[in-house]
Asks: 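A single structure is presented below for examination.
Read the numbers this way: they start at 1 and go in the same order the structure lists the ligands and their atoms.
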Amino acid sequence: MLTIDTTSAALRELRLRVKGAVHGPGDAGWDTARQAWNLMADQRPTAVVHAADAADVRAVVDLARAAGLQVAPQGTGHNAAPLGDLADTILLRTDAMRKVELDFERRIGRVEAGVQWLEVTAPASERGFAPLAGSSPDVGVVGYTLGGGMSWLGRQYGFAANNVTAIEAVTADGELRRLTADEGTDLFWAMRGGGGAFAVVTALEFRIFEVPELSAGALFYPIDRAPEVLRRWRDWMLEAPDAFTTSARLLHVPPMPELPEEVRGQSFVVIDGAALASREVVDAELRGLRELGPVMDGFEEVPPVALSRIHMDPEEPVPAEGDHAVVGEVDDTLIDGLVELAGTPGETALLMAELRQLGGAFGRAPEGAGARDRFEGDGLLFAVGMAMDEQMAVALRRDLAAFREMTLDLRTDHYLNFAEQPEDRVHRPEVWQRLAEIKADVDPDDVIRSNHPIR
Ligand SMILES: Cc1cc2nc3c(=O)[nH]c(=O)nc-3n(C[C@H](O)[C@H](O)[C@H](O)COP(=O)(O)OP(=O)(O)OC[C@H]3O[C@@H](n4cnc5c(N)ncnc54)[C@H](O)[C@@H]3O)c2cc1C
């Protein structure tokens with residue numbers, strides 16, 4: 001077995017063995033190479049490797065194991081904050097692995113590990129198809145799917161993870177495996193919702209869906225109407241058909257020039273989402289919300305690619321810090337608490353406090369489900385702000401602490417993708433137990449490091 005004692009020896013070996021770019025501390029381009037999408041993460045790994053292909057991934061895993069280092073795979077760094085400083089770790093970036101194949105006959109997509117959602121949603125949409133992508137165009141397909149994957153079509157079709165048909169991944173022993181419902185079944189279960197602690201994914205295959213009827217968009221109301229709008233949405237969403245997947249948000253739009261003028265710098269309560277239904281059904285379902293008189297109504301028939309931008313998620317790196325809670329009930333006390341915490345412009349440091357609609361297929365475990373089988377609860381809360389300077393960081397942490405206190409006794413479940421605190425136990429206890437057994441079996445020396453480790 002090869003033994004590597006020093007960082008410089010590890011870097012030398014990496015440069016010899018991999019085709020992709022290798023960066024060490026102090027090299028030109030080091031700061032760019034180590035930067036995550038979330039600028040709150042200050043990653044200081046032993047080395048950064050931009051893998052060119054699966055063979056590079058194998059070489060990095062073999063070398064890390066021999067050198068007593070860990071490997072942290074990363075697509076974009078959207079959920080990099082909980083990873084820590086990455087001491088004694090090779091940061092394995094997949095951004096050079098960008099091949100996308102869509103087979104419309106079989107209704108299957110295949111992507112390499114570094115592909116971002118818009119690279120799939122745009123070509124799929126041209127043929128009237130949609131994958132189960134999230135709200136942001138530049139989140140990585142792999143990181144999102146390994147954590148579960150809640151899309152705007154999720155109450156109809158379930159989690160993205162449970163629509164994965166094959167995973168190609170390098171395990172800690174350096175083997176490239178193809179995992180399916182019939183091959184490597186424990187690992188296939190764990191990696192569909194259990195996160196990135198088990199192996200480095202080199203490619204994913206998943207179902208894509210034909211979308212003949214689709215409406216999506218947002219209704220904007222003045223923020224001071226939040227209590228009545230949120231109550232009306234809550235009453236509607238608890239009974240809504242599975243074809244509808246929506247969210248309700250208190251939103252303080254930053255005064256950034258790249259944002260549309262009609263929303264820039266203003267505060268709203270916003271209902272947005274999508275419906276796999278005819279225009280008549282959509283109009284009938286949304287009637288009660290429209291009767292409240294939104295100041296902007298952009299909920300309309302759209303091509304599937306529009307789902308990548310209805311939420312107006314930031315597409316450039318930002319210093320974001322957030323927290324989440326899956327809650328059993330969205331009752332009036334919770335609504336009033338949210339409004340008090342995040343509903344007054346100028347007083348709150350939160351840019352957004354959001355309630356995503358659960359139920360439907362999110363609440364039912366499908367046959368053959370992976371580690372994220374369902375959610376126990378009616379709503380998923382997410383609160384987030386931007387720490388642009390020290391003063392904003394202090395105010396934001398104060399508001400996130402208040403959010404945690406408010407939701408502590410209401411939490412019924414956790415969601416890995418929305419978990420940004422390193423200490424979060426992101427799975428239900430029985431799921432955690434099985435994940436820990438599988439991790440101990442496939443990676444007993446903890447070579448593969450993830451943002452939410454399973455120990
Ligand atoms: C603006 C925004 C909008 C979002 N919207 C949604 C949404 O609508 N629905 C939803 O479910 N989530 C959403 N998320 C959460 C998002 O899914 C997670 O942050 C996810 O982890 C991002 O994946 P990534 O690959 O882009 O990020 P990364 O930070 O690169 O990856 C996160 C983790 O995934 C694992 N990972 C990544 N690549 C690999 C690989 N090749 N092999 C093994 N492990 C790997 C690693 O453990 C890594 O630490 C959103 C996040 C943001 C910031």
Asks: Among the heavy atoms of Trp152, does any lie under 4.0 Å from an atom of ligand 1?
Replies: no
Asks: What protein heavy atom sits nearest atom 15 (C) of ligand 1, and how far away is it?
Replies: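 So the nearest neighbour among protein heavy atoms is Asn417 O, 3.3 Å.
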Asks: Angle class for the Phe159/Tyr415 ring planes (parallel below 30°, perpendicular above 60°, tilted otherwise)?
Replies: tilted
Asks: Hey, does Arg449 come in under 3.5 Å of ligand 1, counting only N/O atoms on both sides?
Replies: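 Not met; the criterion fails.
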Asks: Check each atom of ligand 1 against the heavy atoms of Trp37 and keep those under 4.0 Å away; list them by number with element.
Replies: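 In order of number, 53 (C).
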Asks: Is a donor from one side chain sitting under 3.5 angstrom from an acceptor on the other, for Trp117 and Ser308?
Replies: no
Asks: Given Ala160, Ala51, Ser308, Pro73, which has its nearest heavy atom closest to atom 36 (N) of ligand 1?
Replies: Pro73
Asks: Is the count of non-hydrogen atoms from other residues, nucleotides or ligands lying under 6.0 Å from Glu262 atom CD greater than 12?
Replies: yes
Asks: Distance under 4.0 Å to a non-hydrogen atom of Ser450: what atoms of ligand 1 satisfy this?
Replies: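 Numbered from 1, ligand 1 contributes 47 (O).
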Asks: Counting non-hydrogen protein atoms only, what is the nearest one to atom 28 (P) of ligand 1? Give residue, atom name and distance.
Replies: Gly77 N, 3.4 Å
Asks: Find all atoms of ligand 1 within a distance of less than 4.0 Å from any non-hydrogen atom belonging to Ser136, and give their numbers and elements.
Replies: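 Here the atoms of ligand 1 in question are 3 (C).
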Asks: What's the shortest distance from atom 11 (O) of ligand 1 to any protein heavy atom, and which residue and atom give it?
Replies: Tyr415 OH, 2.5 Å
Asks: Is Arg455 close enough and on-axis enough to Trp432, meaning under 6.0 Å and within 45°, for cation-pi?
Replies: no
Asks: Quick test: of every protein heavy atom, which one is nearest to atom 19 (O) of ligand 1, and how far off is it to 0.1 Å?
Replies: Asn79 CB, 3.3 Å
Asks: For Ser135, is at least one N or O under 3.5 Å away from an N or O on ligand 1?
Replies: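 Looking only at distances, the answer is yes, because the N/O contact criterion of under 3.5 Å is met.
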Asks: Ignoring angles and geometry beyond distance, decide whether Gly140 reaches within less than 3.5 Å of ligand 1 through its nitrogen or oxygen atoms.
Replies: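 Yes.
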Asks: What protein heavy atom lies closest to atom 50 (C) of ligand 1? Include the residue and the distance to one decimal.
Replies: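 Scanning the protein heavy atoms, the shortest distance from atom 50 (C) of ligand 1 goes to Val139 CG2, 4.0 Å.
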Asks: Please write down residue, atom name and distance for the protein heavy atom closest to atom 33 (C) of ligand 1.
Replies: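 Going by distance alone, atom 33 (C) of ligand 1 is nearest to Asn451 ND2, 3.4 Å.
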Asks: Should you measure from each heavy atom of Val142, which atoms of ligand 1 turn up under 4.0 Å away?
Replies: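 Within the 4.0 Å cut-off of Val142, ligand 1 contributes 38 (N), 39 (C), 40 (C), 41 (N).
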Asks: By number and element, which atoms of ligand 1 are closer than 4.0 Å to a non-hydrogen atom of Leu146?
Replies: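 That gives atoms 43 (C), 44 (N), 45 (C) of ligand 1.
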Asks: Is there a side chain to side chain contact (heavy atoms under 4.5 Å, CB included) between Arg434 and Trp189? Walk through the geometry before answering.
Replies: CA-CA 10 Å; Arg434 188 171 168 202; Trp189 174 84; 3.4 Å; yes
Asks: Give a yes or no on whether Glu430 atom CD has more than 12 heavy-atom contacts from other residues, nucleotides or ligands under 6.0 Å away.
Replies: yes
Asks: Indicate whether the side chain of Gln70 and that of Asp88 have a donor and an acceptor atom separated by less than 3.5 Å.
Replies: no
Asks: Can you classify the ring geometry of Trp236 versus Phe244 as parallel (below 30°), tilted (30 to 60°) or perpendicular (above 60°)?
Replies: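 Ring orientation of Trp236 relative to Phe244: perpendicular.
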Asks: Counting heavy atoms only, which of Gly114, Gly196, Ala197 comes nearest to atom 35 (C) of ligand 1?
Replies: Gly196
Asks: Regarding Thr180 and Asp182, do their side chains bring together a donor and an acceptor under 3.5 Å, going by distance alone?
Replies: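 No, because no side-chain N or O of Thr180 sits under 3.5 Å from a partner of the opposite role on Asp182.
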Asks: Return the closest protein heavy atom for atom 13 (C) of ligand 1 as residue, atom name and distance.
Replies: Phe418 CE1, 3.3 Å
Asks: Looking at every heavy atom in both Ala47 and Leu14, which two are closest together, and how far apart are they?
Replies: CB-CD1, 3.9 Å
Asks: Heavy-atom count around Lys99 NZ within 6.0 Å, excluding the residue itself: above 12?
Replies: no
Asks: Any idea which heavy atoms bring Asn162 and Arg372 closest together, and the distance?
Replies: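 Shortest heavy-atom contact: ND2-O, 2.9 Å.
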Asks: Kindly identify the option in Asp313, Thr245, Ile448 whose heavy atom sits closest to atom 3 (C) of ligand 1.
Replies: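 The residue whose heavy atom sits nearest atom 3 (C) of ligand 1 is Asp313.
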Asks: For Gly149, is the nearest heavy atom under 4.0 Å from an atom of ligand 1?
Replies: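 Gly149 counts as a contact of ligand 1 under the 4.0 Å cut-off.
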Asks: Can Gly195 be said to touch ligand 1, with heavy atoms closer than 4.0 Å?
Replies: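 Heavy atoms of Gly195 never come under 4.0 Å of ligand 1.
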Asks: Measure the CG-CD distance between Leu91 and Gln74 for me, rounded to the nearest 0.5 Å.
Replies: 5.0 Å
Asks: Which ligand 1 atoms are under 4.0 Å away from a heavy-atom of Gly134?
Replies: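 Here the atoms of ligand 1 in question are 7 (C), 8 (O).
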Asks: Please determine if Arg234 and Glu329 form a salt bridge, counting it only when a charged side-chain N lies under 4.0 Å from a carboxylate O.
Replies: no
Asks: Taking 4.0 angstrom as the limit and counting only heavy atoms of Gln74, give me the atoms of ligand 1 inside it, by number and element.
Replies: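 Near Gln74, the atoms of ligand 1 are 30 (O).
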Asks: Closer than 4.0 Å to some heavy atom of Ala80 - which atoms of ligand 1 meet that?
Replies: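 Checking each atom against Ala80, I get 29 (O).
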Asks: Just to check, does Arg356 reach to within less than 4.0 Å of ligand 1 when the distance is taken from its heavy atoms?
Replies: yes
Asks: May I ask you to decide whether Arg356 forms a salt bridge with Glu354, counting only side-chain N to carboxylate O separations under 4.0 Å?
Replies: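 Salt bridge: yes.
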Asks: State whether Phe209 and Arg207 meet the cation-pi test: NZ (Lys) or CZ (Arg) under 6.0 Å from the six-membered ring centroid, and within 45° of the perpendicular axis.
Replies: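 So Arg207 doesn't make the cation-pi contact.
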Asks: Of the side chain and backbone of Ala199, name the one, both, or neither that has a heavy atom under 4.0 Å from an atom of ligand 1.
Replies: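 The answer is the backbone of Ala199.
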Asks: Note the single closest protein heavy atom to atom 26 (O) of ligand 1, along with its residue, its atom name and the distance in Å.
Replies: Thr76 OG1, 2.5 Å
